[in-house]
Undergrad: 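Here it is: the structure, laid out below.
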Amino acid sequence: MQVKTDGRKFYEIECDALVVGVYEGDAVHSGVLGEIDRRSGGVVSSLVETGEFIGKSGETAWIHSPGDLRARRLLLAGAGKQADFTQDSVRRMAGAAARLLRGKKVRSFAFMSPIAGGDSAQAAVEGALLALFEPDKYHTNDRTESRLEEMTLVADSGDIENVERAISRGRIIAESANFARDIINEPSNILTPSELARRAGEIAEQYGLALDVLDEARMKDLGMGSLLGVAQGSNEPPRLIVLRYTAPIASGETVAIVGKGVTFDTGGISIKPAEGMEKMKYDMAGGATTLAALRAVAQLRPSVNVIGIVPAVENMPGGRAQRPGDVVRSMAGKTIEVINTDAEGRLILADALTYARQQGATRIVDLATLTGAVSIALGDVYVAVMGNDQAWVDAVIAAGRRAGEKIWQLPLDREYREQIKSEIADIKNVGGRKAGTITAGYFLREFVEDTPWAHLDIAGTAWNDSTKPHLSVGPTAVCVRTLVQLVEGAG
Ligand code: BES
Ligand code: MN
Ligand code: ZN
């Protein structure tokens, strides 16, 4: 879809549909709404006065031949109470409108944001482009009869340049997120660790990032026994994917983004039940999101160096698979007793985090579909964050707030360390039923030493279980926006 801006008055813009947000209790006789009401022969005030449309969030009214407008249709979109309306509401409103209009075979639409300014324009573009993503790659009959071709952001208050910059940013970020969603959707017979590395190579080439892909031999040389222990049950060879962005004017910081890339998680010998196991193809969402963040960063060019690191493995119960009770030696030198082979994410991340430090990271953020327990704690609403440096954790939460992604901190107090003590090794890979998300986080903490680090558990939020007005079912690519915001703020 093309996105452009237009500085003319909203009633001068020719398009299939004009989308206008309406707050609950909005005055229908003055301002923009009043102007539309007059031009449409009172249709807005009539809808509101009869109570057929009162501006509740999610409510819509679809109006044919709306009178003296150059738009052929008018979509009134309920915005809810003005006091509750945020930048993220703009994102959802634009998204829901785009999906609804596509369903009505609309090809071009103009969007009037209830909030003026660049940030809101960016949110509108992100919302629309994210909303139009469909996981339809493997349908052999083309099920989309209609395509939205053009979105015009109404900028009649005059800040066209600002809006143009916002459009370009919004497009980069949303297309990067959709790139991640596409990879996350790929079935595991297609998206193996090697294939993930190949796709990272495509980004590197296209956007000018440096790429290094470590194979098994190099990982062995580095002593990555923890990662290799997980990989050994599969015929698919593991990869450690490294993408590097070097800033034109770099600050002193090097941010490492480390993402879990388990291309399929059977659980290994501690095998998972059959029910729902097909979903474990999304166990590389953290890795895909890392690649997406680097893809966006390469285009936005912030003043901080960024390394993206994705340990990519398949967790299988093959004849060479590791067993519960095995002890492996990590790159950091710490020994790990593998109590449960299904707690594999932390095992591959342990070595990837050590590698990030070795590569000169001064700050680390990792993201992983790490624990089922995070869904019990926070559902599909909040991403969990934990860390060893409160200022860095706060920066992550603040970046999330700006990006419209909800992140909630869980504690990592020393007491939790007791649960991952091992009788025969330095540490064990599971901590029992209590506080499963936290003990997983604590395990990772053991490998970052004193480097400021934050860990995001996205197991509850990376997959959308049912289609929403503004989002298709499937991968959300949660945290792409947060990571971009975080990196831009770290410069
Ligand atoms: N990939 C899973 C976590 C997961 C579960 C992600 C459900 C998305 C949805 C992870 O590797 C895992 O299996 N974790 C175990 C840990 C346990 C063995 C300590 C879990 O959460 O059950
Ligand atoms: Mn697992
Ligand atoms: Zn997993």
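Indexing begins at 1, ligand by ligand and atom by atom, following the structure's order. Residues take their numbers from the sequence shown, with the count starting at 1.
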Undergrad: Pick one of side chain, backbone, both or neither for how L370 approaches ligand 1, counting any non-hydrogen atom pair under 4.0 Å.
TA: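 Backbone only; the side chain of L370 stays clear of ligand 1.
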Undergrad: Look at D119 together with R402 and state whether they make a salt bridge at an N to O cut-off of under 4.0 Å.
TA: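 A salt bridge is present here (some side-chain N lies under 4.0 Å from a carboxylate O).
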Undergrad: Quick one: does R433 get within less than 4.0 Å of ligand 1, heavy atoms only?
TA: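 Under 4.0 Å: no for R433.
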Undergrad: Would you say atom 22 (O) of ligand 1 touches the protein, meaning some protein heavy atom is under 4.0 Å from it?
TA: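 Within 4.0 Å of atom 22 (O) of ligand 1, no protein heavy atoms are found.
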Undergrad: Step by step, work out the salt bridge (charged side-chain N to carboxylate O under 4.0 Å, His left out) result for K428 and E423.
TA: CA-CA 9 Å; K428 63 182 178 185; E423 303 288 340; over 6 Å; no
Undergrad: Under 3.5 Å, N or O to N or O, is N340 touching ligand 1 that way?
TA: no
Undergrad: Within less than 2.8 Å of the Zn ion (ligand 3), any N, O or S from K260?
TA: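 A backbone or side-chain N, O or S atom of K260 is under 2.8 Å from the Zn ion (ligand 3).
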Undergrad: Would you call R92 and E126 a salt bridge, taking side-chain N to carboxylate O under 4.0 Å as the test?
TA: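 The answer is no: the pair does not qualify as a salt bridge.
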Undergrad: Using distance alone, decide if ligand 1 has a nitrogen or oxygen within less than 3.5 Å of any nitrogen or oxygen in Y282.
TA: no
Undergrad: I'd like to know if K260 and E344 make a salt bridge, using a cut-off of under 4.0 Å between side-chain N and carboxylate O.
TA: yes
Undergrad: Report yes or no: does E344 have an N/O/S atom closer than 2.8 Å to the Zn ion (ligand 3)?
TA: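 Coordinating: yes.
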Undergrad: Please report whether ligand 1 has a polar contact with G345, defined as an N or O pair separated by less than 3.5 Å (distance criterion only).
TA: no
Undergrad: Kindly say whether A403 contributes a backbone atom to a donor-acceptor pair with the side chain of R481 at under 3.5 angstrom?
TA: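 The answer is yes, because a donor-acceptor pair under 3.5 Å joins these two groups.
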Undergrad: Give the minimum heavy-atom separation between P324 and I339, together with the two atoms involved.
TA: CB-O, 3.3 Å
Undergrad: Report the part of D342 in contact with ligand 1, treating N, CA, C, O as backbone and CB onward as side chain, heavy atoms under 4.0 Å; options are side chain, backbone, both, neither.
TA: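 The answer is both.
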